[in-house]
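In what follows, a single structure is set out as structure tokens and then discussed.
None of these values were measured; they are calculated from a predicted model. Proteins come first, then strands; the chains are lettered A, B, ... in the order of their sequence lines, and each starts at number 1.
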2 protein chains.
Amino acid sequence: MGGLGPFLTEEQADWPGGWRERFLMAVGIKDVARVAGVSAATVSRVLAGKAVDAAMQARVLAAVESTGYRPNLAARRLRSRHSNVIGLIVADIRNPFFTAVSRSVETVAAARGMQVILCNTDEDPAKEAMYLDLMHQERAAGVILAPSRQRVAQTERPAGERPVVLIDRAIPGADLDCVLLDNERMAAVLVEHLHARGHRRVAGLFGAMSTTGLERRAGFERAAAALGLEAQAMAVPHSTGEAERALAGLLSGPGRPDALVASNGVMLLHILRALRAQGLSVPGDIALAGFDNNDWMDFVGQGTCGAGGISVIEQPVEEIGRTATAMLLDRLDNPDAPTRKVVLAGKLVARG
Amino acid sequence: MGGLGPFLTEEQADWPGGWRERFLMAVGIKDVARVAGVSAATVSRVLAGKAVDAAMQARVLAAVESTGYRPNLAARRLRSRHSNVIGLIVADIRNPFFTAVSRSVETVAAARGMQVILCNTDEDPAKEAMYLDLMHQERAAGVILAPSRQRVAQTERPAGERPVVLIDRAIPGADLDCVLLDNERMAAVLVEHLHARGHRRVAGLFGAMSTTGLERRAGFERAAAALGLEAQAMAVPHSTGEAERALAGLLSGPGRPDALVASNGVMLLHILRALRAQGLSVPGDIALAGFDNNDWMDFVGQGTCGAGGISVIEQPVEEIGRTATAMLLDRLDNPDAPTRKVVLAGKLVARG
DNA sequence: AATTCACGAGAAAACGTTTTCTGAAAGCAC
DNA sequence: GTGCTTTCAGAAAACGTTTTCTCGTGAATT
């Protein structure tokens, strides 16, 4: 400090507004303690909201203010041995369903003083495993996970021993909290809706990456059988080309379906593309229905005749996120409570 | 440890596969060191990839494997005084532009061993300030920020003294790295496109929350003036109702515009809604153009006549995220390099 | 052959907090 | 007034790493 020249007094050089604050390291709890004339422990207690002498508390708060002290969360987590971070691992951040859920999760978490690390796996089990491990290393309080299909094979608990809440997709064998859509029933509702609209030959494209696709397919087939419809269900991988190719065969063959069901919003777009490639219009030539009510769906398939439109099952996205977060936070308090499975109903948005 | 009964030998109780691993705390670097028969420092060095004896390295790696050791990132950050976390603070996670950028940021960051904390401000300056402060507390390595308009007023550096890269929106006074779209020019391109298509009375709706809206509006007005078009530009707040109301007046009055320009994807949806409320069709009654090429746009406004469609400026979302992340990581290495401003061109996607 | 140098491994300090421990003062019952 | 408990603040330990320091060994140089 002597090397700083004659222009700084000891006081200036040391504190506040002086050399150290401006140029060197961040201010720590000890600096606050020194300014307030108390011990570091007392500062910690004030900040934690524990009972301390009122005069001291005021001095500490003033010192925090004047020094611009910001606690180091890494140190806090290390010592206190618990973290305010929750991990949110989704399969596809571009899917509006997941962004909507993410937003809801973030809002609820922030309101309870938790921060969210959002991880995007792109349906890649390797990335998923990497992120689960990362959450472990981060010692995250818990994880909200939309698991990929491959994970089903693993019987081990994901993310070490920390609480996990599954969303959107189940892991059949696992004993974990989850909040899901009533996929099978909702798919059946969709089929019944198409039947009521007079369609008799239905085809469905279902995702191959998750239990969700399987369940929706099952509901589709069950309902179609019950109604005596001519039905054809196929599972398509997540890539674009696959869906288009699968549809090309379906649409050009004899006995072309008069209605299509999409397993999710992304799939529905693939179908739209394929239909256009075939020169077919919705709903003039063929009806289209699916899952996830995206904001733009009000505006496609509105033929000149005024009818048409794409009927979908709208998922309660906000509630899914809210419920999952609440369940996770609950479990942090009661680690040994029995696991809960929440199944939510969707809402049929009938168009056309 | 004696209380555990006679079934556990000292060895079992202590390590490995025994009591401690299964029921108590996580395994630490010292446990690994003990198993490998080396010092904790050596384990640390092996994990950091520093030069160590090959035999020792093998022993350490084996010990890490057998113990299932996962380093505690909080401790690592505390001691090493630098973090592998970058904050990404966006205005609206539901806006596909931001989700696309987020995905790109996350991918690049993950490839470089960094993790991303995604923060959603919902255009709320208070939330933005809260998150910037949080990133400070987290001692994040840096922040990528899409600033809200209000932040402009603040001359102070956001997020303490850590590196910040701005995306999508500038902060006029600030000397910060940023990567932006050439908004003014792109808006002009859009107007010229409409002019070439024969439209003569254009109106534009621009966001009031960011510099982006201002710039696009300026480009819109400049181009319209240069081309001698009858133009009307208005700034509308971010809420749904506003846009609809503003449009209602515009569309019902005399000299109704024959083309509309939307400042962004969200605005464009509002316009679509308003048009439908007025019973106007795109592009039959009125043309529509805007910013952000969302995947569904291929399918709306395709009238029976085959013409139509919504022309937009497609932003290079992937590159924006990639560039911003690269710039941020660069700056971590060269804190004192001059700030850079990257202005990217968009691409006109002409439809109809 | 002696001295320096480079290297690498263990011991110990340090990171910035929270928590435990300790002791003093205050309150209360006798 | 004495002895007991309670309260509260400071001192010190602890959290799990990385980094610095120290020292021993072997190679290289003179």
Legend entry - Side-chain donor-acceptor pair present, B:Asn334, B:Asp336, cut-off under 3.5 Å: no
Inset, instruction - Starting at atom NE2 of A:His82, determine the distance to atom C1' of C:dT19, rounded to an integer number of angstrom. - result: 11 Å
Inset, instruction - Please tell me which of B:Val38 and A:Ala74 maps to the more 5' nucleotide of DNA chain C, matching each residue to the nucleotide holding its nearest heavy atom. - result: B:Val38
Inset, instruction - Could you tell me whether the side chains of B:Thr42 and B:Ser39 share a donor-acceptor contact shorter than 3.5 Å? - result: yes
Inset, instruction - Could you tell me the separation between the CZ atom of A:Arg70 and the P atom of C:dT17, rounded to a whole number of Å? - result: 11 Å
Legend entry - Distance in angstrom units between B:Arg34 CZ and C:dA9 P, rounded: 21 Å
Legend entry - Which nucleotide in D:dG10, D:dT17, C:dG16 has an atom nearest any side-chain atom of B:Arg81: C:dG16
Inset, instruction - For the pair A:Lys127 (side chain) and A:Asp122 (backbone), establish whether a donor and an acceptor sit closer than 3.5 Å, ignoring hydrogens and angles. - result: no
Inset, instruction - Give a yes-or-no answer on whether the side chains of A:Thr339 and A:Asp175 include a donor-acceptor pair shorter than 3.5 Å. - result: yes
Legend entry - Side-chain donor or acceptor of B:Thr121 paired with backbone N/O of B:Val90 under 3.5 Å: yes
Legend entry - Heavy-atom pair with the smallest gap, counting every atom of B:Gly142 and B:Arg162: CA-CG, 4.3 Å
Legend entry - Contact summary for A:Val27 and A:Gly68, nearest pair of heavy atoms: CG1-O, 4.3 Å
Tabulated below should be each protein N or O lying under 3.5 Å from an N or O of nucleotides 23-28 of chain D; please produce it.
none

Legend entry - Separation of C:dG8 C1' from B:Asp53 CG (nearest whole Å): 9 Å
Inset, instruction - Return the value, rounded to whole Å, for the distance between atom CD of A:Gln57 and atom C1' of D:dA9. - result: 14 Å
Inset, instruction - Check whether any side-chain heavy atom of B:Asn84 lies under 4.5 Å from a side-chain heavy atom of B:Arg77, and answer yes or no. - result: yes
Legend entry - hbond_proxy B:Arg79 side chain to D:dT17 base (donor-acceptor, 3.5 Å cutoff): no
Inset, instruction - Consider the side chain of A:Leu78, meaning its heavy atoms from C-beta on, and name the nucleotide among C:dT19, D:dT17, C:dG16 that approaches it most closely. - result: C:dG16
Inset, instruction - Would you check if A:Met135 and A:Cys119 make a side-chain contact, meaning some heavy-atom pair closer than 4.5 Å? - result: yes
Legend entry - Residues from residues 39-48 of chain B lying under 4.0 Å of DNA chain C - heavy atoms: B:Ser39, B:Ala41, B:Thr42, B:Arg45
Legend entry - Distance, rounded to the nearest Å, where B:Asn84 contributes CG and D:dT17 contributes P: 15 Å
Legend entry - B:Arg76 (side chain) and D:dT17 (base): donor-acceptor pair under 3.5 Å: no
Legend entry - Phosphate OP1/OP2 of C:dT19 contacted by A:Lys50 side-chain N/O (<4.0 Å): yes
Inset, instruction - In whole angstrom, give the distance that lies between atom CD of B:Glu138 and atom C1' of C:dT17. - result: 14 Å
Legend entry - Of B:Arg59 and B:Arg139, the one whose closest DNA chain C nucleotide lies more 5': B:Arg59
Inset, instruction - Please state how far atom CD1 in A:Ile29 lies from atom C1' in C:dC15, giving the value in whole angstrom units. - result: 14 Å
Legend entry - N/O donor-acceptor pair under 3.5 Å between B:Glu128 side chain and B:Ser148 backbone: yes
